[in-house]
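A, B, ... follow the sequence lines: proteins, then strands. Residue 1 opens every chain.
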Protein chains: 2
Amino acid sequence: MLSAIMEDYLKAIYYLQEETDDRVRTSVLAEYMDVEQPSVTSMVKKLAERDLVHHEPYKGVELTDTGIPIALEIIRHHRLLERYLTDHLEYGWAEVHDEADRLEHHISNQFADRIAEQLGDPAVDPHGDPIPTAELDISAPKCGETLADHHVGDSVRIERVPDEDADLLRYLSDHGIHRGTEVEIVEVTSFGMVTLDPDGADEPVALPEKIARSISAQPLSENPS
Amino acid sequence: MLSAIMEDYLKAIYYLQEETDDRVRTSVLAEYMDVEQPSVTSMVKKLAERDLVHHEPYKGVELTDTGIPIALEIIRHHRLLERYLTDHLEYGWAEVHDEADRLEHHISNQFADRIAEQLGDPAVDPHGDPIPTAELDISAPKCGETLADHHVGDSVRIERVPDEDADLLRYLSDHGIHRGTEVEIVEVTSFGMVTLDPDGADEPVALPEKIARSISAQPLSENPS
DNA sequence: GAAAAGAATTAGACTGGGCTAAATTTATAA
DNA sequence: TTATAAATTTAGCCCAGTCTAATTCTTTTC
């Protein structure tokens, strides 16, 4: 059996590997896990002993074929929990992350499968990230067009929002933007401010272009609900 | 903050104190927690330092006024989770304990309150043990009349079953007995065998008298559903 | 291609929770 | 009342996961 901490490392390595598509450097992992580098080195050794990661000293670390499904299992738990918390327990978009981060290590697969069933086997979590199936298949994350790729006057549907920044999620949520919300782009300034008009909202919402570029959005016609 | 292990100790002390109504001996606690005695002594010291228990060396331990609400919080989590698992996630009577035992330490009070709300603030868990309220009030456990206190021909409703023995729970469940089931007592032998006819079951169910004496049951008229 | 800078690792210590073996206290029995 | 048995605690060790300080390997830069 693995400790919750070990599972967290595997999950982190999975995420970082997804981003960089290369071996994960221990410094990056240390930063992500919020620990010092030697802690990473020693943990990586333990994971390597169990054949969950491959460690090339001084070069970085990557998940083995044994490690990947374990990471996916945790990610499945996490994203299902997030979906369950928002859909069934009235949690807000911004509140789910911490709760799911704790519980993901402690629910059984049976629990995960049951809530998946209750939710109708959802494909994505509340932020739009794909949920691995019970067989641990995972579809590629949506990272096609972003809010910044569209033009004034376009109407788009919010597909995916980065889940790391709770303040951002709270801000969006407070201004009527969720996954699936239709928004019209009403202004794009030369100094990097994007203004949106979310369907059903009282007021327009302004976002820095940097943020807009991190939010996936599809034109309405291409992806009918 | 307390570790999950510390919370488990507090919960254990609460249960044992409830049973014996006296200071809990470290040997009893060691037995219950399935660890050796010195482990208990050292943990008890840590809990005493935090003023969660009062430890009289060589005499035993008891919860302080600081420790009691923490134990009750955990017990609330545990029993709400059990109820949630059976009522909303189709878990069987016998399966809930382990899952709840892990999750109780990791759900937030918010989570507990939300599922309590969804369940309609239930008073008891699936075994009939009382669930503390959000204010941590707990009603006295039902331990009045047992199956062994009634006579052949009496019809009673199952109120409460000890939750420690998963095999027993599975057996009862397989034979159509749950909390709230109405059963008629059809035979009581001189050699300590009690036979019941559960409402809606195909066959009668036999139980040793020792077990029957651990199951609370009220006459139908006294406690209408 | 050597020296400085940066990244990663090793060494060694600390905390939490557990264990065994030894010492001590309390309870029992002669 | 003293001797023995039983319960408890102390002493000292182990493992997991973290840390700081020191070392070693890589990379960059002149």
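Looking at A:E18 and A:Y14, their side chains come closer than 4.5 Å, going by heavy atoms from C-beta outward.
Less than 4.0 Å separates DNA chain C from no heavy atom of any residue of residues 15-32 of chain B. If you check residues 41-48 of chain B against DNA chain D, the residues with a heavy atom closer than 4.0 Å are B:T41, B:K45, listed by number.
B:D125 and B:H78 share no side-chain donor-acceptor pair at under 3.5 Å. B:H77 and B:N109 share a donor-acceptor pair across their side chains, judged by distance under 3.5 Å alone.
Checked against B:H127 for a side chain to side chain donor-acceptor pair (under 3.5 Å), the options B:H97, B:R160, B:H178, B:E82 give a single hit: B:E82.
Counting to the nearest Å, the P atom of C:dG17 and the CD1 atom of B:I5 are 7 Å from each other. Atom CG of B:L2 is separated from atom C1' of C:dG17 by 14 Å (rounded to the nearest Å).
Each of A:K59 and A:E36 was assigned the nucleotide of DNA chain D with the nearest heavy atom; the assignment lying further toward the 5' end belongs to A:E36. Both A:V40 and B:P57 lie close to DNA chain C; mapped to their nearest nucleotides by heavy-atom distance, the more 5′-ward contact belongs to A:V40. Closest-nucleotide positions on DNA chain C for A:Q37 and B:V35 were compared, and the one nearer the 5' end corresponds to A:Q37.
Residue A:E31 qualifies as open at atom CD: its count of foreign heavy atoms under 6.0 Å is 12 or below.
Using a 4.0 Å cut-off between a side-chain N of Lys or Arg and a carboxylate O of Asp or Glu, B:D129 and B:R83 do not qualify as a salt bridge. In this structure, B:D113 pairs ionically with B:R76, as a charged nitrogen and a carboxylate oxygen lie closer than 4.0 Å. No salt bridge links A:R79 with A:E104; every basic N to acidic carboxylate O contact stays at or beyond 4.0 Å.
A:H175 places a side-chain N or O within 3.5 Å of a backbone atom of A:Y171 that can act as its donor or acceptor partner. In terms of modelled atom types and a separation under 3.5 Å, the side chain of B:R170 and the main chain of B:E95 share no donor-acceptor contact. Of the possible polar contacts, one joining the B:T20 side chain to the B:L16 backbone as a donor-acceptor pair under 3.5 Å is found.
Looking at heavy-atom distances under 4.0 Å, A:M33 makes no contact with the nucleic acid at all.
Nucleotides of DNA chain D lying under 4.0 Å from heavy atoms of chain A occupy a range whose first and last members, 5' to 3', are D:dA16 to D:dC25.
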